[in-house]
Amino acid sequence: MDLTQQQLINIMPNARAQAGVFISALNTAMSRHRIDTPKRMAAFLAQVGHESGQLRYVRELGSEQYLSKYDTGTLAVRLGNSPQADGDGQKYRGRGLIQITGHDNYLRCSLGLFGDERLLALPELLERPQWAAESAAWFWEQNGLNELADRDQFNTITRRINGGLNGLEDRLQLWARAKEVLCQPST
């Protein structure tokens with residue numbers, strides 16, 4: 001089941017022109033990673049919609065001070081960044097439609113998408129529509145989120161993506177719109 005540009009706009013009205021930029025990449029990525037039922041697509045698009053500001057951001061926003069949390073300290077180490085203040089926080093900031101973050105996640109994503117380590121040298125690839133969508137769908141599949149979507153475990157999906165329930169109200173609103181657009185029986 002392919003998503004149309006109009007359906008995408010109905011789900012993410014703030015996407016506007018970005019819907020046309022991402023529709024093909026999203027359809028390809030969802031198909032490749034088995035996000036292929038209305039329930040899976042609705043949950044995926046709701047999460048992607050929140051994480052990317054409705055397709056407007058493929059790179060985590062934040063000042064150097066904000067991103068320093070990824071450069072030194074326990075979070076940096078947990079993400080596989082070096083413990084020294086060497087710029088890893090900026091280099092491996094969140095990118096893609098689900099915001100792949102940290103050296104180790106970039107490495108896993110790179111191996112999953114390309115079979116090599118190219119994202120470590122070229123993290124900006126995840127800012128391109130094709131790889132922004134592919135990285136999100138890869139993350140979704142790798143974390144068993146299709147099965148959670150099948151069971152309507154939306155809060156659990158949110159925790160797997162975000163580590164908590166940040167932005168839950170927005171995510172739920174996007175999910176409700178996505179279900180309305182995708183999951184209604186045709187008349």
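Hydrogens, waters and symmetry mates are skipped; everything else that's a heavy atom, side chains included, is used. Sequential numbering from 1 along the given sequence is applied to the chain's residues.
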Original post:
Under 3.5 Å, is there a donor-acceptor pair linking the side chains of Asp86 and Ser82?
Top reply: yes

Original post:
Counting only N and O atoms by type, is there a donor-acceptor contact under 3.5 Å from the side chain of Arg34 to the main-chain atoms of Asn146?
Top reply: no

**OP:** Compare every heavy atom of Ile9 with every heavy atom of Ala19, then report the nearest pair and how far apart it is.
**Re:** CB-CG1, 3.5 Å

Subject >> Side-chain donor-acceptor contact under 3.5 Å, His33 with Gln142 >> reply: no

Original post:
Do any N or O atoms from the side chain of Thr101 and from the backbone of Gln99 form a donor-acceptor pair under 3.5 angstrom?
Top reply: yes

Subject >> side-chain hydrogen bond (donor to acceptor under 3.5 Å, both in side chains) between Thr158 and Gln47, intermediate numbers included >> reply: CA-CA 7 Å; Thr158 301; Gln47 295 289 347; 2.8 Å; yes

Original post:
Would a hydrophobic clustering, with Ile, Leu, Val, Met, Phe, Trp and Tyr connected at side-chain separations under 4.5 Å, put Leu126 with Leu122?
Top reply: yes

Original post:
If you measure from OG1 on Thr74 to NZ on Lys69, what distance do you get to the nearest 0.5 Å?
Top reply: 11.5 Å

Original post:
Under 4.5 Å between any side-chain heavy atoms of Leu182 and Leu3, yes or no?
Top reply: yes

Subject >> Gap between atom CG of Asn162 and atom CZ of Arg160 - 0.5 Å precision >> reply: 14.0 Å

Subject >> Result of checking Leu8, Ile35, Asp2, Val21 against Leu26 for side-chain contact (heavy atoms from CB on, under 4.5 Å) >> reply: Leu8

**OP:** Side-chain contact test, heavy atoms from C-beta onward, threshold under 4.5 Å: evaluate it for Leu125 versus Arg118 and give yes or no.
**Re:** yes

**OP:** Could you go through the side-chain contact (heavy atoms from CB on, under 4.5 Å) check for Leu145 and Ile161 one step at a time?
**Re:** CA-CA 9 Å; Leu145 303 182; Ile161 291 170; 3.9 Å; yes

Original post:
Quick one: do Ile98 and Tyr57 end up in the same hydrophobic cluster if we chain Ile, Leu, Val, Met, Phe, Trp and Tyr together by side-chain heavy atoms under 4.5 Å apart?
Top reply: no

Original post:
When rounded to the nearest 0.5 angstrom, what is the spacing between OG in Ser52 and CE in Met12?
Top reply: 6.0 Å

Subject >> Distance-minimising heavy-atom pair for Ala43 and Ala149 >> reply: CB-CB, 3.8 Å

Subject >> Test item: Asn27 and Met30 side chains (from C-beta on) under 4.5 Å apart, heavy atoms >> reply: yes

Original post:
Would you call Arg40-Asp150 a salt bridge at under 4.0 Å N-O?
Top reply: yes

Original post:
Would you say the side chain of Trp138 lies within less than 4.5 Å of the side chain of Arg108, judging by non-hydrogen atoms?
Top reply: yes

Original post:
Hey, is the main chain of Gly94 close enough, under 3.5 Å, to the side chain of Glu60 for a donor-acceptor pair?
Top reply: yes

**OP:** Taking the side chain as every heavy atom from C-beta outward, state whether Phe44 and Ile157 have any pair of such atoms under 4.5 Å apart.
**Re:** no

Original post:
Does any non-hydrogen side-chain atom of His103 lie less than 4.5 Å from one of Leu79?
Top reply: no

**OP:** Group every Ile, Leu, Val, Met, Phe, Trp and Tyr by side-chain heavy-atom contacts under 4.5 Å, then state whether Leu174 and Ile23 land in the same group.
**Re:** yes

Original post:
Does the pair His50 and Gln173 meet the rule for a side-chain hydrogen bond (donor to acceptor under 3.5 Å, both in side chains), with working shown?
Top reply: CA-CA 10 Å; His50 176 77; Gln173 289 172 4; over 6 Å; no

Original post:
What closest approach, in Å, do Cys109 and Leu119 show between heavy atoms, and which atom pair accounts for it?
Top reply: SG-CD1, 3.9 Å

**OP:** Check whether Val58 and Ile11 end up in the same hydrophobic cluster, where Ile, Leu, Val, Met, Phe, Trp and Tyr are linked by side-chain heavy atoms less than 4.5 Å apart.
**Re:** yes

**OP:** Heavy atoms only: give me the nearest Leu97-Leu55 pair and the separation to one decimal.
**Re:** CD2-CD2, 3.9 Å

**OP:** Could you tell me the separation between the OG atom of Ser135 and the CD atom of Gln130, rounded to the nearest 0.5 Å?
**Re:** 10.5 Å

Original post:
What's the shortest heavy-atom distance between Gly62 and Tyr66, and which atoms?
Top reply: CA-CD2, 3.8 Å

**OP:** For the pair Lys39 (side chain) and Lys179 (backbone), establish whether a donor and an acceptor sit closer than 3.5 Å, ignoring hydrogens and angles.
**Re:** no

Subject >> Polar side-chain atom of Tyr92 near backbone of Ile100 as donor-acceptor pair, under 3.5 Å >> reply: no

**OP:** May I ask you to check whether over 12 heavy atoms, not counting those of Arg56, lie within 6.0 Å of atom CZ?
**Re:** yes

Subject >> Donor-acceptor contact below 3.5 Å, side chain Asp88 vs main chain Asp71 >> reply: no

Original post:
Hey, is the main chain of Thr28 close enough, under 3.5 Å, to the side chain of Ser31 for a donor-acceptor pair?
Top reply: no

Original post:
Is the closest side-chain heavy-atom distance between Arg93 and Arg59 below 4.5 Å?
Top reply: yes

Original post:
In terms of the angle between their ring planes, are Trp175 and Phe154 parallel, tilted or perpendicular, with boundaries placed at 30° and 60°?
Top reply: parallel

Original post:
How many angstroms lie between atom CD of Glu147 and atom OG1 of Thr156, to the nearest 0.5 angstrom?
Top reply: 13.0 Å

Subject >> Heavy-atom closest pair, residues Arg177 and Pro13 >> reply: NH2-CD, 3.5 Å

Original post:
For the hydrophobic clusters of this structure (ILVMFWY residues joined by side-chain heavy atoms under 4.5 Å, transitively), does one cluster hold both Val48 and Leu165?
Top reply: no

Subject >> Ser110 side-chain N/O to Asp116 backbone N/O, donor-acceptor pair under 3.5 Å >> reply: yes

Subject >> Proximity of Trp131 and Phe114 rings by center, below 6.0 Å >> reply: yes

Original post:
Hey, are the side chains of Gln54 and Gln18 touching, using non-hydrogen atoms and a 4.5 Å cut-off?
Top reply: no

Subject >> Note: Arg171-Glu51 ion pair, threshold 4.0 Å (strictly below) >> reply: yes

Original post:
Is the number of heavy atoms from other residues, nucleotides or ligands within 6.0 Å of CD (Glu180) greater than 12?
Top reply: no

Subject >> Gap between atom CD of Gln90 and atom CD of Glu64 - 0.5 Å precision >> reply: 5.0 Å

